[in-house]
Protein chains: 2
Amino acid sequence: MVTASRGISIGQLAKATGVNLETIRYYESIRLMPPPPRTRGGHRAYDRTHVQRLAFIRHARELGFGIEDVRALLRLAEPDRRSCAEVRDIASAHLAAVRAKLTHLVALERILDGTVERCSGEQVPICPILDMLGRPS
Amino acid sequence: MVTASRGISIGQLAKATGVNLETIRYYESIRLMPPPPRTRGGHRAYDRTHVQRLAFIRHARELGFGIEDVRALLRLAEPDRRSCAEVRDIASAHLAAVRAKLTHLVALERILDGTVERCSGEQVPICPILDMLGRPS
DNA sequence: CCTGCATCCCGTAGCTACTACGGGTTCAAG
DNA sequence: CTTGAACCCGTAGTAGCTACGGGATGCAGG
C-alpha cells in the first residue's frame with residue numbers, strides 16, 4: 001500500500017496519471033517535470049503537486065499540444081503569472097493547426113475513398129489505385 | 001541546361017519531382033530508390049524511370065502512406081506482379097487509419113473550440129483553458 | 001586551358017516525443 | 001532475512017526526414 005510519509009513512487013505516479021513510467025523520466029530529463037526528492041536509496045519520491053502537474057501535462061498532450069506549448073502553458077498556469085490572453089493565443093494557434101490537419105485529412109480521405117471504391121479487387125489490367133499513384137502531377 | 005546523354009542529376013530529379021535532394025539520398029539509403037549509375041566523378045546520374053518511381057513515391061507519401069506501405073505498393077506495381085487485391089488491402093487499411101485520425105481530430109477540435117470560445121482573453125481569476133487542463137480526469 | 005562558383009559527395013548529428021533494453025540496486029512484504 | 005517486484009541510469013532505437021560541414025566535381029565563360 002501507499003505510505004504517504006514516504007512519498008509517491010514513480011510507478012505509482014505513472015498509474016495515477018496514466019503516463020508511462022519511462023515518459024515521466026523523459027519529462028524530467030527535458031525539465032518538463034521538476035526533479036523530485038529522492039529516498040536514501042535514490043528512488044524518486046513524488047507528492048500531490050507532482051501528480052497535478054503531470055495530469056495537466058497529460059491532458060495538454062492528449063489535446064495535441066506540443067511539448068513547448070505545454071511548457072508555456074505550465075508557466076502561464078503559475079499563480080500570479082496567469083495571462084489568459086497568452087493562454088488563449090497558444091490554444092487558438094493550436095486549434096488552427098488542428099483545423100488545418102483536419103482539412104488535409106478530409107481531402108485525403110476523399111481521394112482514398114474514391115480510389116478504393118473504384119477498385120474491384122480483381123486481377124484487372126488497370127488498378128485505379130496504382131494508376132492514381134503513378135500518374136504525373 | 002539538361003543534357004540527356006549525361007543523365008539527370010540529383011538536383012534536377014529533386015526539382016522534377018518536388019522531393020528534397022537530401023530526401024532522395026535518404027530514400028536510396030533505405031533502398032526505396034535504387035542506387036543509380038554514377039558519373040566518372042561519382043555524381044548520381046538518373047534517368048526517366050527514376051523520375052517516375054520517385055513521383056510515385058511522392059504521391060503515395062502525400063497521401064500519407066508510410067514508407068513500408070510505399071515499398072509494398074512499389075513491389076505490387078511491378079509488371080506481372082500486379083495484385084489489385086493486395087493493393088486495395090493496403091489502401092483500405094490506410095483509409096481506415098486516416099478515418100480514425102479524423103475522428104480523433106474532430107473530437108479534439110470540438111474541445112479546443114469550445115474552450116477557446118469561452119475564454120474572454122481578459123485577466124480573470126479563472127481561465128477556462130487552464131481550468132480544463134488542470135481538472136482531474 | 002583555366003578560373004570560379006554552383007552543385008554534388010559523404011558521414012554524422014539533429015529533430016519530435018517517446019519506448020525499449022539491460023545490468024545493477026533498492027524497497028517492502030512475509 | 002529473504003525474495004521478487006520495483007526502481008536506477010545510460011544508451012539506443014523508432015519514423016521520416018533535415019541540416020551541417022568540409023571537400024570533390026561539373027560546367028560555363030573568358
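A note on names: the letters A, B, ... follow the listed sequences, proteins ahead of strands, and every chain is numbered from 1. Remember, predicted model here, so these are calculated numbers, not experimental data.
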Would one find a side-chain N or O of B:Tyr27 under 4.0 angstrom from OP1 or OP2 of D:dC17? yes

Per atom distances to the A:Arg44 side chain, the nearest of D:dC9, D:dT18, D:dC7 is D:dC9

Taking the side chain as everything from C-beta on, heavy atoms only, tell me whether A:Leu63 gets closer than 4.5 Å to B:Met132. yes

If each of A:Gly42 and B:His43 is mapped to the nucleotide of DNA chain D with the nearest heavy atom, which maps nearer the 5' terminus, i.e. the 5' end? A:Gly42

So, for B:Leu21 and B:Gly11, which heavy atoms are closest and what is the spacing to 0.1 Å? CD1-CA, 3.9 Å

Write down the distance between CD1 (A:Ile30) and P (C:dG14), rounded to a whole number of angstrom. 17 Å

Nearest-nucleotide comparison on DNA chain D, the residue closer to the 5′ end among B:Thr23 and B:Gly41: B:Thr23

pair B:Glu117-B:Pro128: side-chain heavy atoms closer than 4.5 Å: no

In whole angstroms, the gap separating P of D:dA15 from NE2 of B:His94 amounts to 16 Å

Phosphate OP1/OP2 of C:dC27 contacted by A:Arg38 side-chain N/O (<4.0 Å): no

Spacing between B:Ile67 atom CD1 and D:dT18 atom P, to the nearest angstrom: 11 Å

A:Ser9 side chain near D:dA6 phosphate (N/O to OP1/OP2, under 4.0 Å): no

Counting only side-chain N and O atoms of A:Thr39, is one of them less than 4.0 Å from OP1 or OP2 of C:dT26? no

Is there side-chain contact between A:Arg44 and A:Pro37, with at least one heavy-atom pair below 4.5 Å? no

How long is the line joining CD of B:Glu28 and C1' of C:dG11, in whole Å? 14 Å

Whole angstrom is fine here: how far is it from CD in B:Glu68 over to P in D:dT14? 11 Å

May I have the distance from A:Asp69 (atom CG) to C:dT16 (atom P), rounded to whole angstrom? 12 Å

When you compare the side chain of B:Ile24 with that of B:Tyr46, does any pair of heavy atoms fall below 4.5 Å? yes

Over how many whole Å does the gap from B:Ile24 atom CD1 to D:dT18 atom P extend? 11 Å

Using atom CZ of B:Arg58 as one end and atom P of D:dG16 as the other, report the distance to the nearest whole Å. 16 Å

Remember a base hit wins even if backbone is also touched, and classify A:Leu21 as base, sugar-phosphate or nothing at under 4.0 Å, heavy atoms. sugar-phosphate

Establish, with yes or no, whether the OP1 or OP2 oxygen of D:dT25 is under 4.0 angstrom from a side-chain nitrogen or oxygen of B:Arg40. no

Kindly indicate whether the side chain of B:Glu62, heavy atoms from C-beta on, has any atom under 4.5 Å from the side chain of A:Leu108. no

Pick out the pairs of N or O atoms, protein on one side and nucleotides 20-23 of chain D on the other, that lie under 3.5 Å.
from	atom 1	to	atom 2	distance (Å)
D:dC20	N4	B:Glu22	OE2	3.3

Ionic contact status for A:Glu28 with A:Arg25, cut-off 4.0 Å: no

